[in-house]
Amino acid sequence: MASLPELAADISCKTDHLVSLMKSSGMDLPSWDENAPAEFAEYGPHAGEIQQTRYALIDQLTQALRLAMGPTEYVKSLISNAPIDIGSMRAIIKFGIPGCVPLGNSDIPIAKVATKCDVDPQALKRLLSYCKTNGVFRETRPGYIGHTAASAALARSDLGRAMQWSVDIPALSGLRIFDALKLFGPCDSPRECGFNLAYMTEETMFEYQERHPQIATLFNDNMKTESGATRLSPKHAAAGFDWSKIGSGTVVDMGGSNGHVSMTISECYPRLKFIVQDRTAEIALWQKQLPEEFAEKITYQYHDFFTAQKTKADVYFFRYILHNWANIDAVEIIRCLTPALKSGTRLIIMEYLGPQGKEMGEFEERTYRLRDLQMLSFLGAQERTLEEYKAIVTRAAPRFTFVGFQTPVGSSMSLMEWIYV
Ligand SMILES: C[S@@+](CC[C@H](N)C(=O)[O-])C[C@H]1O[C@@H](n2cnc3c(N)ncnc32)[C@H](O)[C@@H]1O
């Protein structure tokens, strides 16, 4: 591992390089001002290099931080800060604080926010004082708060609403990993994981959400907002496969939620027809809400992907689905396609791929490992490597032949392609 002075020199070089790439791409330099862009927009001619440099910089800054803190302080911070980080953010989000603080480089007395949001003013002051040390909100003068880039992002976009789901199911399930492993063993079932202990239910998370439509709505909002993030943008679904090969064929978007990914692909490949299948009561509503321009191209179908597929298509597309399921279930989901398959049918799976499939820095691997443990904690599921996905598909339907995979620039997920022979 590099020493602190070596890291500092490297960090300085990487910073210069990143700044020059961003300037030559016409991008704003990073800023924590409330009007700063909420995300890095990594598109344009240097997108790949900007991403690579940024991730390498994050890795080195993290290593330098660890060295500067020392092992004991660092480990203690992991354990002591994490519950209060999530606990304070959960309170801020659930009380709707970001939306009550005016935008426009202005400020507001904390007491006034407390009245508006119906929270004890002293407790709110203490919560905000902690959040401020995480870069969320700033004290503009004694007793007043204003936004930073982070709190403004929560106030301005759908992020705050989408986070309402994240501060509940993933946060509460994550804390129960130990208890679930003790009680259930491997946590490889959606009925035997942290979620079941946190919510005291034998239902899977999806079944539970189906019975609690307000949580299902928050989950779908979260999916939409996640997809709005540059690294998870549905644009990568359009870029990572040459959909023109399918001509005017039919794509079934399995577990396609509100159809946002189908809509994005359709914008780039208007000849394609999409059938969005999902098992949620919201499907009828999505059909009604479909923008006019997609009326001829996209239809919705209620379908449980654990039942035999009846709809014939040229492509079965799974984005962000199989990682929600343990191996035994993932195999079953693919096997259920079999009645509808014919020679030439394609299977496209878009997911995070583990380090075995491609080179990864620590920041990228950390994102992947985070997802993996989230899946363990609330769905009894897992992230996988390329080889693990190949094994699942072969077990489910050996006639599927692997064609290849692509990771579009700027995308966290890769698209893997199989063809039925
Ligand atoms: C993680 S979301 C992914 C949504 C979408 N594919 C995307 O990329 O944004 C998982 C989706 O699977 C759906 N789902 C869960 N269980 C299902 C089942 N048994 N049959 C069909 N869809 C299901 C959920 O309703 C949800 O929309």
Side-chain angles (χ1 to χ4, degrees), residues 158 162 165-166 169-170 173 189-191 195 203-229 231-241 251-266 274-287 298 300-311 315-326 328-337 340 347-352 371-372 374-375 377-384 408 411-416:
D158 296 333
W165 181 80
S166 297
I169 289 184
S173 306
S189 152
R191 297 179 203 284
F195 168 77
E203 288 174 307
T204 70
M205 184 195 87
F206 287 118
E207 288 166 351
Y208 182 88
Q209 292 192 156
E210 221 173 303
R211 273 199 316 107
H212 295 86
Q214 72 284 21
I215 303 180
T217 304
L218 290 178
F219 173 78
N220 288 322
D221 287 349
N222 183 277
M223 283 292 104
K224 239 190 296 173
T225 306
E226 275 222 320
S227 290
R231 288 194 288 154
L232 294 178
S233 165
K235 285 185 187 162
H236 301 308
F241 177 71
V251 179
V252 177
D253 185 356
M254 306 286 306
S257 187
N258 62 356
H260 63 119
V261 181
S262 290
M263 287 182 223
T264 306
I265 302 174
S266 172
F274 290 87
I275 298 168
V276 178
Q277 293 185 339
D278 208 300
R279 196 195 73 171
T280 166
E282 293 201 49
I283 204 109
L285 180 73
W286 293 334
Q287 180 77 66
I298 301 179
Y300 291 80
Q301 255 178 19
Y302 183 95
H303 174 71
D304 178 347
F305 47 50
F306 284 103
T307 60
Q309 181 60 259
K310 295 197 181 79
T311 302
V315 179
Y316 294 91
F317 176 52
F318 291 83
R319 180 184 182 270
Y320 224 23
I321 298 295
L322 294 186
H323 78 145
N324 288 159
W325 300 94
I328 188 168
D329 294 322
V331 168
E332 190 54 24
I333 291 170
I334 303 296
R335 190 172 284 147
C336 282
L337 295 176
L347 167 67
I348 298 177
I349 299 177
M350 184 170 183
E351 292 284 0
Y352 281 89
R371 299 276 170 188
D372 185 47
Q374 283 182 328
M375 293 307 116
S377 67
F378 59 79
L379 285 164
Q382 65 177 99
E383 299 293 342
R384 298 181 176 89
S411 171
S412 290
M413 291 194 274
S414 305
L415 285 91
M416 298 163 268

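Indexing begins at 1, ligand by ligand and atom by atom, following the structure's order. Note that the structure is a prediction, hence the values are computed from the model and not measured.
Neither the backbone nor the side chain of F318 has a heavy atom within less than 4.0 Å of ligand 1. Contacts between W325 and ligand 1 below 4.0 angstrom, taking non-hydrogen atoms only, involve the side chain exclusively. With a heavy-atom cut-off of 4.0 Å, R279 touches ligand 1 through backbone and side chain alike.
The nearest heavy-atom contact from the protein to atom 2 (S) of ligand 1 is M223 SD, 3.4 Å. Counting protein heavy atoms only, atom 12 (O) of ligand 1 is closest to I321 CD1, 3.5 Å. Here the heavy atom of the protein found nearest to atom 4 (C) of ligand 1 is G255 O, 3.3 Å. From the protein, the heavy atom lying nearest to atom 20 (N) of ligand 1 is F305 N, 3.0 Å. The single protein non-hydrogen atom nearest to atom 19 (N) of ligand 1 is D304 OD1, 2.9 Å, given as residue, atom name and distance. Scanning all protein heavy atoms for the shortest distance to atom 7 (C) of ligand 1 gives R319 NH1, 3.3 Å. Of the protein's non-hydrogen atoms, Y320 O, 3.6 Å is the one closest to atom 3 (C) of ligand 1. Protein heavy atom at the shortest distance from atom 24 (C) of ligand 1 is D278 OD1, 3.4 Å.
Under the 30°/60° scheme for interplanar angles, the aromatic rings of F195 and Y208 are found to stand perpendicular. Aromatic ring orientation, Y300 versus W286: tilted (interplanar angle from 30° to 60°).
The salt bridge (charged side-chain N to carboxylate O under 4.0 Å, His left out) test applied to R279 returns E210, D304, not counting sequence neighbours. Contacts of Q209 classified as side chain to side chain donor-acceptor pair (under 3.5 Å), with partners at least two apart in sequence or in another chain: W165.
Between F317 and F274, the gap from one ring centroid to the other reaches at least 6.0 Å.
Taking all heavy atoms of Q277, H260, H303 into account, the minimum distance to atom 21 (C) of ligand 1 is reached by H303. For atom 10 (C) of ligand 1, the choice among I333, N324, D329 with the nearest heavy atom turns out to be N324.
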What do the steps show when you test F305 against Q277 for side chain to side chain contact (heavy atoms under 4.5 Å, CB included), and what is the final call? CA-CA 8 Å; F305 47 50; Q277 293 185 339; 5.9 Å; no
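Numbered from 1 in the order shown, with element, the atoms of ligand 1 that lie under 4.0 Å from a heavy atom of F306 read 19 (N).
For R211 (side chain) and E203 (main-chain N/O), no donor-acceptor pair under 3.5 Å exists by modelled atom type.
Here CD of Q374 is found 10.5 Å from CG of N324. Values are rounded to the nearest 0.5 Å. Separating the OH atom in Y352 from the CD atom in E383 is a distance of 7.5 Å, to the nearest 0.5 Å.
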